[in-house]
Amino acid sequence: MDATAQAQLIRTGEISALELVDQTIARFERINPKINATASTNFEQARARARGQLPGGVFAGVPTLIKDLMPYPGHAAGFGTCLFDGVPAQGGSPYTEALDASGLIVLGKSTTSEFGLLGTTESTVKGVTRNPWDLTRSPGGSSGGAAAAVAAGLVPVAHASDGGGSIRGPASLCGLFGFKPSRDRTVSNGMPADLPTAGLLSEHCLSRSVRDSANWLMAAERPDMAVPLSPTEIATPNPPDRLRIGLYLEDSRGRSPDPEIVTATQAAAHLCEDLGHEVFNIAPPVFDVDATAQAFFALNGAVLAGFFDQFAQMMGPEFDEGGFEPYTRTLVQRARMLTPDKIHATGAAMANALASVSASAETCDVMLCPTIPFAAFPLGQYDPSKDPDRLNAFVERIASYTFPASLAGWPAMSVPLGQTADGLPIGCHFAAAQGQDAHLFALAFQLEQAAPWQPRLTALAQSL
């Protein structure tokens, strides 16, 4: 069942929240060792919350996971790194408070790459997280643990975050629905708003159904939004108006995805036409990819360098940069070598890319392309010990279709509409102009009804 259905069982008294939590824990203990989706758990805190008086939110009594990049009271805040493994969170944030108000019960933290830097979840501290569709392959990253847990049926929905594709990429690789809300759509995650990369990051979830994702967004939406998303606008599966959908298959460098990805994306375009929408070819978003990629990695390194300095002040002699992964250390070392002029240039490069990318949304209502250019890839190819330049190239490639939406602040989603000949999932990526989240949800409901993917997920969960 999805989270909305589980909550309905609790509301009608067919099962108690504690019974659901206990059954979920039993499934965790049986299946999680196969996929390694959790960084830590606190089952007793979850049971205590299930026994108490839950708020009457849409997900009251439903178990979930929080990605290990977001602190949550009563749980460790490891950030995917050895240095903070097991360190308890100092508190939550407006975002976690909104999740609590929805009635969700947090069982634990899902695995992530160190500080969410890589598009695969193979950390030094927690080891390899495996894709339930093929245990030799990656679920992607950085929300790989959340994706693996939901695909395996450990929880029906799980928190995730996306700064360049970290919700949508794992959704594609694990056969899930993955939505990235418009910039500033949701309440604060507690991170400083003045960070150079803050505007790229969105908090949301990975889900088995469109309605769970819509309900999650309404639970976490800012109350002061100029154009709030009402339940009748976003969570009711009414067919959308005829949309003008622009299709492109090559990324902004002119590279083509794998042939099976092309086939799946073209099939999605034909499905949209069958549903009454107009589909036509457009050019991919145009921007200076090299300059933007260099700026992205430099800014990530600069942000981490600032964090490292803060950690050193707080921890004193106990702080050891050698405890971080080689890839993380390299980004920080390179950022520390940047002159003020170079740092200024990185900001200018991002601003120029934003202006160029934003113009792409003016040609159509919705843009359709692949989510990522390949299906689930073997583990071990891109772990954090590999050459940093190779890893940078991997990050740039895996995010080549998803990053423009993060840069522009567009809402975007990966919809699990395809699969390879070997049965691996393929997601198709849809994006719209900033603020047009409802357009995408209306289309998602329509696609879900026309080409339901839940039977495949149910069969997968039952096979584990």
Would you find a donor on one side and an acceptor on the other, under 3.5 Å apart, between the side chain of Ser138 and the backbone of Thr120?
-> no

Check: Ser406 main-chain N/O paired with Arg183 side-chain donor or acceptor under 3.5 Å = yes

Contacts under 3.5 angstrom, residues 145-159 side chains, donor-acceptor by atom type, not counting sequence neighbours:
| from | atom 1 | to | atom 2 | distance (Å) |
| --- | --- | --- | --- | --- |
| His159 | ND1 | Lys67 | N | 3.0 |
| His159 | NE2 | Glu203 | OE1 | 2.8 |

Note: Phe377 and Gln381 closest approach over all heavy atoms is CB-OE1, 4.0 Å

Inspect the contact between Glu396 and Arg255 and indicate whether a charged nitrogen and a carboxylate oxygen are less than 4.0 angstrom apart.
-> yes

Decide whether His204 and Ser213 meet the rule of one side-chain donor and one side-chain acceptor closer than 3.5 Å.
-> yes

Just wondering, more than 12 heavy atoms not from Asp241 lying within 6.0 Å of its CG?
-> no

Is there a donor in the side chain of Asn392 and an acceptor in the side chain of Tyr327, or the other way round, less than 3.5 Å apart?
-> yes

Check whether any side-chain N or O of Asn131 sits under 3.5 Å from a backbone N or O of Trp133 as a donor-acceptor pair, and report yes or no.
-> yes

Going by heavy atoms in the side chains, are Phe308 and Gln313 under 4.5 Å from each other?
-> no

Can you tell me if Thr38 uses its side chain to pair, donor with acceptor, with the backbone of Ser40 under 3.5 Å?
-> no

Determine whether the side chains of Asp212 and Ser207 contain a donor N or O and an acceptor N or O closer than 3.5 Å.
-> no

Got a salt bridge between Lys180 and Asp437, using NZ or NE/NH1/NH2 to carboxylate O under 4.0 Å?
-> no

Any Trp216 side-chain heavy atom under 4.5 Å of Thr64 side chain = yes

Are the side chain of Thr197 and the backbone N or O of Asn300 linked by a donor-acceptor pair below 3.5 Å?
-> no

Give the ring-plane orientation class for Phe394 versus Phe374, where under 30° counts as parallel, over 60° as perpendicular and anything between as tilted.
-> parallel

Taking atom types as modelled, find out whether Asn215 and Thr4 have a side-chain donor-acceptor pair closer than 3.5 angstrom.
-> yes

Carboxylate-amine/guanidinium proximity below 4.0 Å for Arg222 and Asp224 = yes

Would you find a donor on one side and an acceptor on the other, under 3.5 Å apart, between the side chain of Arg49 and the backbone of Asp100?
-> yes

How long is the span from the CD1 atom in Ile261 to the OG atom in Ser256, to the nearest 0.5 Å?
-> 12.0 Å

Parallel, tilted or perpendicular, as decided by the 30° and 60° cut-offs, for the rings of Phe177 and Trp453 | parallel

Should Ile245 and Met367 be marked as a side chain to side chain contact (heavy atoms under 4.5 Å, CB included) after you check the CA-CA gap, both sets of side-chain angles, and the distance that decides it?
-> CA-CA 6 Å; Ile245 299 177; Met367 291 161 282; over 6 Å; no

Would you find a donor on one side and an acceptor on the other, under 3.5 Å apart, between the side chain of Arg185 and the backbone of Glu221?
-> no

With sequence neighbours left out, the residues meeting salt bridge (Lys or Arg N to Asp or Glu O under 4.0 Å) with Asp341 are none

Residues Lys126 and Asp68 bridged, charged N to O under 4.0 Å = no

Is a side-chain donor or acceptor of Ser209 paired with a backbone partner of Asp2 at a separation under 3.5 angstrom?
-> no

Show your reasoning for whether side chain to side chain contact (heavy atoms under 4.5 Å, CB included) applies to Phe115 and Phe307.
-> CA-CA 11 Å; Phe115 297 113; Phe307 285 157; 5.5 Å; no

Residues Arg244 and Glu273 bridged, charged N to O under 4.0 Å | no

Taking Thr346 for its side chain and Ala295 for its backbone only, find out whether a donor-acceptor pair lies under 3.5 Å.
-> no

Is the CE atom of Met337 crowded by more than 12 outside heavy atoms at less than 6.0 Å?
-> no

Give a yes or no on whether the backbone of Gly92 and the side-chain of Thr96 come within a donor-acceptor separation of less than 3.5 Å.
-> no

If we ignore angles and hydrogens, is there a donor and acceptor under 3.5 Å between the side chains of Ser414 and Thr371?
-> yes

Asp365/Arg242 ion pair, N-O < 4.0 Å = no

State, with a plain yes or no, whether a side-chain heavy atom of Leu200 is found less than 4.5 Å away from one of Phe403.
-> yes

